[in-house]
Trainee: 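Once you've had a glance at the structure underneath, I'll fire off some questions.
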Protein chains: 2
Amino acid sequence: MKNKRDLLLQTATQLFSQGGYNAVGIDRIIAEAGVAKMTMYKHFPSKNALILEMLNARDESFMQSLTQYIDQQSSFFEKMKALFSWHHEWFNDKDFHGCLFINASAEFHQPDNDIYKRSSQHKQRLIHYIENLLTEIYAHQQAKKLAIQIEILLDGAIIAAHVIGHLNSAMEAWDIAQCLIDFKQEN
Amino acid sequence: MKNKRDLLLQTATQLFSQGGYNAVGIDRIIAEAGVAKMTMYKHFPSKNALILEMLNARDESFMQSLTQYIDQQSSFFEKMKALFSWHHEWFNDKDFHGCLFINASAEFHQPDNDIYKRSSQHKQRLIHYIENLLTEIYAHQQAKKLAIQIEILLDGAIIAAHVIGHLNSAMEAWDIAQCLIDFKQEN
DNA sequence: CATAGCATACAGACCTGTCTGTTTATGACT
DNA sequence: AGTCATAAACAGACAGGTCTGTATGCTATG
């Protein structure tokens, strides 16, 4: 049997993803995880704390999975392409229910809310990673601007996949990115 | 005094926008609107029905405002630019709390949920409108593909503005669009 | 024996939707 | 113009359910 804390985080990730944060209660999470309520409250002092820790874990596994996927490629062009095809695979997973951070922002968007701030942080971390990828080709200033634009493409693709059900959106976004990025300087 | 039904819809729009759908209760809506609970339940049989009607009204006013704004322009280039600058103004409104339809999809994303279906419908309606704009320049097939890509740009900009707080995202998206669209055929 | 986890009940708050009875506005007829 | 019937909105209590978080004992395993 797994560590109860990780089991709770994993169950919470799945249920919050499927049902939303406010709609899914503590009782359902502990029932699905097969864990007593007191065990959960020993590991996480509140539901909000559970959500925050779950987002932390998700941020970590998201970035790790993405970077590993991209690191398999060597050329700049292939790396950028991998950035989009990783998203394509994500959207076409049967358990895709949108981005946990975007969805969290939808439910908790008071500026001082920790969950909201954590979601924003995740997106900024991703932008920063993309920016680093781009510095292989671009100057600092331009990489910064392009990173934000690519993040716009990726988030737009997430929404198109989730809300509209357009499961090819990541490839559409990649089309746009190719038109946006100048690959001529490629090494 | 206004029509109570419209007053309720307007109050619901504001409160759901600020606080989210599940977090805002009926009691708070009727209190803010200064309307009795039975009056609300006479106009809308349930909270879900209120949300649906509110989304209908928002869809209508959204499209009307956008199309009026765009119709002020005559050239294709200026119309496309207006599409993005309308969004820019929206994001920089002090009452901007993200897209009501994206946020609704985040809270209700069971495939058979009416609210989810309504949200998807709104996005599709917008895509269709953009597609019509594009047919001025492009062939049917290409306009269809481009419309989806531009919708990806707009939704990405919404997320960047709402989640990351990047209030210039609409203009960044417009930059991308200009690189995507061929204006040489402009009349 | 001690620690971790179990089951379950409970308090208190809140939520949706219903019920009742009162007040106000409207509008038609004399 | 004045009167009265009808409809709409009002206030507020209430039922039944759900939610979070706490408290209490019991069990099993090392």
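Reckoned from all heavy atoms, side chains included, excluding hydrogens, waters and symmetry mates. Residue numbers begin at 1 in each chain, while the letters A, B, ... track the order of the sequences.
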Trainee: Rounded to the Å, how far apart are B:N22 CG and C:dC14 C1'?
Mentor: 13 Å
Trainee: Please work out which of the three classes, parallel, tilted or perpendicular, describes the rings of A:H122 and A:F101, given edges at 30° and 60°.
Mentor: parallel
Trainee: Using atom CE of B:M38 as one end and atom P of D:dC10 as the other, report the distance to the nearest whole Å.
Mentor: 12 Å
Trainee: Ring centroids only, cut at 6.0 angstrom: are B:W90 and B:F62 within range, meaning strictly under it?
Mentor: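 Ring centroids of B:W90 and B:F62 are less than 6.0 Å from each other.
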Trainee: Any base atoms under 4.0 Å from B:K37, or only sugar-phosphate, or nothing? Heavy atoms, all strands.
Mentor: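 Base: the residue B:K37, judged by heavy atoms under 4.0 Å, touches a nucleobase.
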Trainee: Answer yes or no: does a side-chain N or O of B:H43 lie under 4.0 Å from OP1 or OP2 of D:dA9?
Mentor: yes
Trainee: Between D:dT20, D:dC10, C:dC6, which nucleotide gets closest to the side-chain atoms of A:A36?
Mentor: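 Among D:dT20, D:dC10, C:dC6, the one nearest the side chain of A:A36 is C:dC6.
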Trainee: Quick check: does any side chain N or O of A:S46 sit under 3.5 Å from a backbone N or O of A:A49, one acting as donor and the other as acceptor?
Mentor: yes
Trainee: Between B:Y41 and A:T39, which is nearer to the 5' end of DNA chain C once each is assigned its nearest nucleotide?
Mentor: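 Looking at the nearest nucleotide for each, A:T39 comes out on the 5' side.
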Trainee: Measure the distance from CZ on B:R28 to C1' on C:dT16 and round it to the nearest whole Å.
Mentor: 16 Å
Trainee: What integer distance in Å separates A:K4:NZ from C:dA4:C1'?
Mentor: 9 Å
Trainee: I want to check one thing: is the phosphate of C:dT16, taken as OP1 and OP2, less than 4.0 Å away from some side-chain N or O of B:K47?
Mentor: yes
Trainee: Any donor and acceptor pair, going by atom type alone, linking the side chain of B:H109 with main-chain N or O of A:Q18 inside 3.5 Å?
Mentor: yes
Trainee: Nearest of D:dT20, C:dG5, C:dT16 to any side-chain atom of A:I26?
Mentor: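 Comparing D:dT20, C:dG5, C:dT16 against the side chain of A:I26, the answer is D:dT20.
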Trainee: Does A:K42, at its NZ atom, have more than 12 non-hydrogen atoms belonging to other residues, nucleotides or ligands within less than 6.0 Å?
Mentor: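 Result for NZ/A:K42: open.
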Trainee: CG of A:L15 versus P of D:dC19: gap in Å, rounded?
Mentor: 12 Å
Trainee: Rounding to an integer number of Å, can you tell me how far A:I30 CD1 sits from D:dT20 P?
Mentor: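 In whole Å, D:dT20 P and A:I30 CD1 are 10 Å from each other.
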Trainee: Please give, in whole Å, the distance from D:dC10 C1' to B:K42 NZ?
Mentor: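 Spelled out: NZ on B:K42 to C1' on D:dC10 is 10 Å.
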Trainee: Could you state the CG-P distance from A:D27 to C:dA7, rounded to the nearest angstrom?
Mentor: 13 Å
